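A quick write-up on the structure given underneath.
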Amino acid sequence: MSDDPLVRPAEIEIDPDCLDEYDALLKEEIEASISKEPDVLMLYAMRVRGEPTQRRLVEIYADEDAYRAHLQSEHFLKYKTGTEKWSVRSG
């Protein structure tokens, strides 16, 4: 396995009626990930200018194992199940 950090970009489009709720859950998930997972090196969410329903995320993990552990964390699963009904598109 490589010692290089794993970088994961994501593009998400949110139902316009759910933006505030989505952003609140995303903020909670990012704060929990950074404070509880030492191998989550960076999670950063951005809004797209002129596209209020779009979000871009940049995630950096120490390695593939850190990413896999993150996907099983309680806070990520809460975010994932809580927001999947609001996502129009993700990639």
Side-chain angles (χ1 to χ4, degrees):
M1 181 163 296
S2 171
D3 289 332
D4 294 333
L6 176 67
V7 178
R8 305 252 332 156
E11 297 180 4
I12 302 170
E13 185 169 348
I14 306 303
D15 180 327
D17 295 329
C18 304
L19 291 172
D20 290 338
E21 296 96 330
Y22 175 83
D23 287 340
L25 265 178
L26 177 61
K27 180 181 179 189
E28 180 182 315
E29 195 278 327
I30 288 173
E31 289 173 354
S33 296
I34 294 299
S35 68
K36 296 178 179 180
E37 297 181 73
D39 290 334
V40 174
L41 305 179
M42 185 185 90
L43 286 176
Y44 191 73
M46 299 163 275
R47 294 180 182 190
V48 178
R49 183 176 299 187
E51 300 291 341
T53 63
Q54 294 187 20
R55 302 293 181 267
R56 300 292 184 267
L57 282 70
V58 178
E59 308 172 19
I60 303 178
Y61 302 90
D63 54 28
E64 182 74 29
D65 290 339
Y67 174 64
R68 288 188 194 134
H70 172 71
L71 294 179
Q72 299 303 313
S73 69
E74 183 178 330
H75 46 271
F76 176 78
L77 293 172
K78 177 183 176 184
Y79 159 81
K80 187 71 172 169
T81 58
T83 62
E84 63 190 355
K85 63 185 174 281
W86 301 329
S87 292
V88 175
R89 174 186 63 85
S90 66

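The structure displayed is predicted, hence computed values, not measured ones.
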Legend entry - Candidate pair Arg68 and Glu64, rule salt bridge (Lys or Arg N to Asp or Glu O under 4.0 Å), full reasoning: CA-CA 6 Å; Arg68 288 188 194 134; Glu64 182 74 29; 3.6 Å; yes
Inset, instruction - Mind checking salt bridge (charged side-chain N to carboxylate O under 4.0 Å, His left out) for Lys36 and listing every partner two or more places apart, or none if nothing turns up? - result: none
Inset, instruction - Would you list the pairs meeting ring-ring contact (aromatic ring centres under 6.0 Å, His included) in which at least one residue belongs to residues 27-47, sequence neighbours left out? - result: none
Inset, instruction - Identify whether Tyr67 and Phe76 are in the same connected component of the hydrophobic contact network (ILVMFWY, side-chain heavy atoms under 4.5 Å). - result: yes
Legend entry - Minimum heavy-atom distance between Ala45 and Ile30, given as atom pair plus value: CB-CD1, 3.9 Å
Inset, instruction - Report whether Leu57 and Leu71 are members of the same hydrophobic cluster (ILVMFWY, side-chain heavy atoms less than 4.5 Å apart, transitive linking). - result: yes
Inset, instruction - Taking side-chain contact (heavy atoms from CB on, under 4.5 Å) as the test, write out the residues that go with Glu51, two or more places apart. - result: Val48, Gln54
Legend entry - Approximate separation, where rounding is to 0.5 Å, of His70 NE2 and Glu29 CD: 4.5 Å
Return a table of donor-acceptor pairs under 3.5 angstrom between the side chains of residues 20-27 and protein atoms on other chains or two or more places apart.
unit_1, atom_1, unit_2, atom_2, d
Tyr22, OH, Tyr79, OH, 2.7
Asp23, OD1, Arg55, NE, 2.9
Asp23, OD1, Arg55, NH2, 3.4
Asp23, OD2, Arg47, NH2, 2.9
Asp23, OD2, Arg55, NH2, 2.9

Legend entry - Distance in Å, Asp39 CG paired with Asp65 CG, rounded so as to fall on 0.5 Å steps: 9.0 Å
Legend entry - Note, Pro9 side chain near Arg56 side chain (heavy atom, < 4.5 Å): no
Inset, instruction - Answer yes if Val40 and Ile60 sit in the same cluster of Ile, Leu, Val, Met, Phe, Trp and Tyr residues linked by side chain heavy atoms under 4.5 Å apart, and no otherwise. - result: no
Legend entry - Residues that Glu59 engages under side chain to side chain donor-acceptor pair (under 3.5 Å), provided they are two or more places apart: Tyr61
Inset, instruction - Working to the nearest 0.5 Å, report the span between OG1 of Thr83 and CG of Asp15. - result: 12.0 Å
Legend entry - Shortest non-hydrogen separation from Glu37 to Ala66 and the atoms involved: OE1-O, 4.4 Å
Legend entry - Heavy-atom pair with the smallest gap, counting every atom of Ser33 and Leu43: CB-CD1, 3.3 Å
Inset, instruction - Kindly compute the distance separating CD1 (Ile34) from CG (Leu41), expressed to the nearest 0.5 Å. - result: 8.0 Å
